[in-house]
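Here's the structure we're looking at; comments come further down.
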Amino acid sequence: MERLLAILSDLHPDVDFATAEDLVDDGILDSLDIVTLVTEINGEFDVTIPAEEIVPENFNSAAALMALIEKLDEE
Amino acid sequence: MKKRILIAVCALLAMAILLGLLQALLMPKYRTNPEGALIGEYYAESGGHDVIFVGDCEVYESFIPAVLWKEYGISSYVRGSAQQLVWQSYYLLEETFRYEKPRAVVFNVLSLKYGTPQSEAFNRMTLDGMKWSTSKVSAILASMTEEESFVEYVFPLLRFHSRITSLTADDFRYAFSAPAVSLCGYLMQTGVKPMSEELASLEGPRLSDYTLPKTAMDYLEKMRVLCEENGCELILVKSPTNSWGYWWYDQWEEQIVEYAANHGLTYYNLIPLCEEIGIDWSKDTYDEGVHLNVYGAEKTSRYFGKLLTEQHGILDRRNESALASRWTERVTAYETQKKIMEEGNER
Amino acid sequence: MLFTSYGFIAFLALVFLAYYLVPKRWQWGLLLAASYAFYCFAGWECLIFILVTTLSAYGIARAMGYAAAKEEAYLALHREEMEKDARKKYRAAEKKKRFRILLAGLVLNFGVLAVLKYTGFVVFNLNSWFSFGENGLAIPDLLLPMGISFYTFQTMGYLIDVYRGKTTVEKNPARLALFVSFFPQLVQGPISRHSDLASQLYTPHSFDRRGFTFGVQRILWGYFKKLVIADRVLIAMRTLLDEPEQYRGAYVALLILLYSIQIYADFTGGIDITIGVAEALGIRLTENFERPFSSRSTKEYWRRWHITMGTWFTDYVFYPVSVCKPMMKLSKWSRKTLGNNVGKRVPVYLATVLTWFLTGLWHGAGWNFIVWGLLNCLVILISQELEPIYARFHGRFPRLTSSWGYGKFMAIRTFLLMGLIRSLDCYRDVGTTFRLWGSMVTTWNWGELGEGIFSLGLNAVDFLIVLGGCGVVAIVSSLSAKRSVRERLYDRPVLSWTLCGVLFLTILLLGAYGIGYDASQFIYNQF
Amino acid sequence: MKKTAKRILAMILMLLLAMSVMACGKKESGDENETKGTQKGFAIQIDGVTIRLGEQAEKTLTALRTPLSQNELFDCGAGNSRMLYRYASFDLYTMKSGETEVIDQIEVKDDFCETEKGLCIGAEESAVVAAYGEATRKGEGSLTYVSGNQELTFDVENGQVVGIGLLRVTQ
């Protein structure tokens, strides 16, 4: 989880990702951030996030992101 | 719930009434271009006519029912309109036979040159005046041009709605009733615009095809059969006017003469008879020879009235009191209007 | 059949009547028949294309569904003896197979669209580039079926959703045919998603007075915008566009303003009619506009204008391209060689440019549309780069930048910028457009505009009507921002009936329709 | 190798199917053999001025001398009007709607005018057939040649051309 938070804060240092609940809906994460996030995560966690998983529910909070990563990893 | 339905019904009713009023307001009143109002004026005057004239502008500018009555006691009515196409004449006749049974029908043959619908404006002038009947429906279907649609005839408001930004006092004054513009279908013109010598020498330009269109001739045939069925004689006529723009070609003349001969109809071409009728092209036309003015029309009517009584047995009914009283009213209306218009011209 | 033709209104009345009279289970069948009847009015020869798209989509979706079921069964059977990576490898192999089936469907349908719509354009360019000149390839004169761009995109969206497991596979071809050809959205969208629309289409709907009245009110509102405003403005625009060289300078600015009004009224009006019709049938379509002229930046504008097209391109082009394997490799390589900051941007920028190129191309087969797309892309990318500078500016003048005036300034700036780029649609030729943009500065004839404006086919009264119309639209749209006007009216029947009556009369009397004005084609009709 | 070949084959098959579907998409644009009527079509020449149908009348009228007389017939229904310009050796008819005026018909009256192939009044009938070939329509006393929507007619009396008319074909 820490590694994920590190990546997130690297994108937007001023945002408290631990508690934030709707990163996409509030426009904090725009398309540029999402794509960069995906490439970072793919590299870091050795998973490949397919395009269909790029939906607001998965990217709205760090926890949701973590759940996505585990789901992909466990499959 | 009941309240809602009541409101809905009242609203729809109010809207219907309002639309009716608006339509009456927006319909063109044809005060400045009176040829648009001719057809509608027949219904108030229908009945008791021995001769009915149908056709285009050459009909309602050349034959005066008031003169025919005054000189020969012929009771007649002109159901002409601007650029009236032959199928429109046919359906007008079909409708007229439901109102009365004339002894003779006179049709001006110039409109046979058109085989296809010509212009939306003229269609509206001829058809909007007609009362709703199967004849009107078939006339519309036969006359509609490309861009027209039937629903715009059923609800003229859809066609004339854009007049809302250019309404005049006439639209309000004549929304529901308007004085007649014609005298038994004759549209009086007292202006004089002589036809120059040079203009009279001109002939119509060469055509690529001189045969009269088949659709037009078919409707002529249908008109002939219709008159036969209603026990009345169809008389073909070509009015004396022959300007280069509305030239009566010899090839057309041959075809009409041949048609009349084959079907036992009488056909009078008044063009060569101008001298005999006494028409003087420097005084008897209001637009340099395209149409006759009232003086030319009086001469033509006098001449044609003689033909009707001598050749076609149209009776002199001046002795019938009921008819006579009705006609004296019409003749005085004719004369007063003529005097007013002539004084108007002098000023 | 035009939305603004008497035929369509009669057709609508008939469909509404039949829809609520026919037994519930036949309702969707009736809609299918109505949709195909509507389509035949536009030309039955094109029926073959919509059938090809429907049948191919049906077949391919079933094939993918079958492959996925086989995969699940196999995995369920051998769950114990396969380790994680064997299962992963098997799943990946199966996915590859399903991808190939999907690809076949995409190639066929997009092939049909490309050939029909762009062959002329491609051949024309080949002729001019390779200067075949006179004896070049003959430009085939191909029939463009109505709404092909819309229904093809909608159906391909369905296929990709099935591949991604986002929606169920439609077993009944007739039901899929209805999804593809649902008549209100055939002409100009919105491009719906199978998961949203499909279920609504097949469930029976009993007559609901509230939904029906809202639907009819929205249709009326659509006709008001189209007939009173859009078609009237079109008259002046046509004069300006007939000889662009003659109307330079201030007239170009006038055209940009007029076209912004015209396209807004025409497009949102058409969509109001579409959504109104669906609403009257008890079906809710996705909104395509959300007060676009109040957006403060180009990026925001494209989230409010033609929303369903935007989301379609984002979901099915932008994201897949930006996260696919080759792009990942490229971004790793560029991050190494060009440094982290630049490297990070490479995949996104590439994907954005490609998406906008395709959006432009989708709008029409012409360089002006492609340049229009790329210009929009350029503006978005530049404002993306300037983000930090804006942020600093906002930081330094918080009071100014949060004030009402500054917000309005940004909205107007976006409105004008979008208007400028959009005029590429009007002049159709890129060279002329740029030259005329230039003429706005070089030829200074603003004084002449005073009476020149009335020589364009519209008199003072017409302009008053357009202004009044825009005023009404602005008021209603700001009112409906908080709560839809129709809801507010619903519990006051007298007021709602009078307003609807007034609206109906305005359309009837002031609408630019009939012989006096020749009814204009939807701008998107040649789609 | 075999698998990829199979896949490419499938792809081509798909495209072929798309193409064939396209074939029936071709508009039945059986454009009638619209010969370039205006450019290579008929024309009448008179002292250096070439007059063709369908051209803007303004240009030709300024090139010609002032007409003997000018006459307008206003057909209020169709909203346009027909103009007749009379010259010594020919009559020129135009169709005017709004400000656009287009040449509509020419009637030659003497041998100062000649067709684009140099034929004028007084020429032999055989010369006409030699120049224009077999007539599209042969009436008694007239030879008519049709090209596109234009028609050139020669009035012939005992072997000699006595009149020439150039006009548009109306259906």
Side-chain angles (χ1 to χ4, degrees), chain B residues 1-28 36 117-125 127-128 140-141 143-168 171 175, chain C residues 1-2 4-13 209-210 212-213 216-217 220 223 227-228 231-232 235 454 457-466 468-469 489-520:
Chain B
M1 193 48 197
K2 198 158 275 9
K3 197 160 84 59
R4 268 188 184 278
I5 296 171
L6 190 67
I7 292 171
V9 167
C10 298
L12 289 177
L13 216 61
M15 176 58 76
I17 294 164
L18 195 58
L19 289 179
L21 291 174
L22 277 171
Q23 179 154 298
L25 184 68
L26 288 166
M27 280 296 283
Q118 292 299 306
S119 103
E120 186 263 346
F122 283 121
N123 281 349
R124 297 305 304 208
M125 285 189 196
L127 300 171
D128 275 340
I140 293 173
L141 294 176
S143 318
M144 282 205 295
T145 55
E146 220 45 61
E147 78 250 19
E148 287 181 88
S149 51
F150 191 78
V151 76
E152 283 181 351
Y153 279 96
V154 176
F155 303 107
L157 181 64
L158 293 174
R159 162 67 185 84
F160 296 112
H161 66 90
S162 41
R163 290 192 65 241
I164 188 89
T165 48
S166 55
L167 287 178
T168 60
D171 288 309
Chain C
M1 191 202 313
L2 285 177
T4 55
S5 67
Y6 302 119
F8 180 73
I9 293 163
F11 175 80
L12 257 192
R209 202 163 54 71
R210 181 187 162 84
F212 189 77
T213 11
V216 171
Q217 283 168 347
L220 265 181
Y223 274 113
L227 291 178
V228 176
D231 288 0
R232 175 168 267 110
I235 298 164
F454 297 120
L458 291 183
N459 56 33
V461 174
D462 286 313
F463 278 108
L464 264 176
I465 293 169
V466 169
L489 282 176
Y490 189 62
D491 32 39
R492 291 197 211 79
V494 176
L495 181 61
S496 112
W497 270 104
T498 18
L499 282 182
C500 287
V502 167
L503 192 62
F504 174 71
L505 280 178
T506 329
I507 299 169
L508 201 63
L509 298 177
L510 301 179
Y513 65 91
I515 310 273
Y517 317 78
D518 53 2
S520 74

[X] versus chain C, the contacting section by heavy-atom distance below 4.5 Å:
X	value
B/Ile164	side chain
B/Glu147	both
B/Ala14	neither

Closest-packed option against chain B by number of heavy-atom pairs under 4.5 Å, given C/Trp497, C/Phe504, C/Tyr6
C/Tyr6
Please report the closest heavy-atom contact between C/Pro493 and B/Arg4, naming both atoms and the distance.
CB-NH1, 3.9 Å
Check the surroundings of atom CZ in B/Phe155: do more than 12 heavy atoms from other residues, nucleotides or ligands lie under 6.0 Å from it?
no
Gap separating the CG atom of C/Leu509 from the OG1 atom of B/Thr165, nearest 0.5 angstrom:
10.0 Å
Value rounded to 0.5 Å, distance of CE in B/Met15 from OG1 in C/Thr498
10.0 Å
Side-chain heavy-atom pair B/Leu22, C/Leu505 within 4.5 angstrom cut-off:
yes
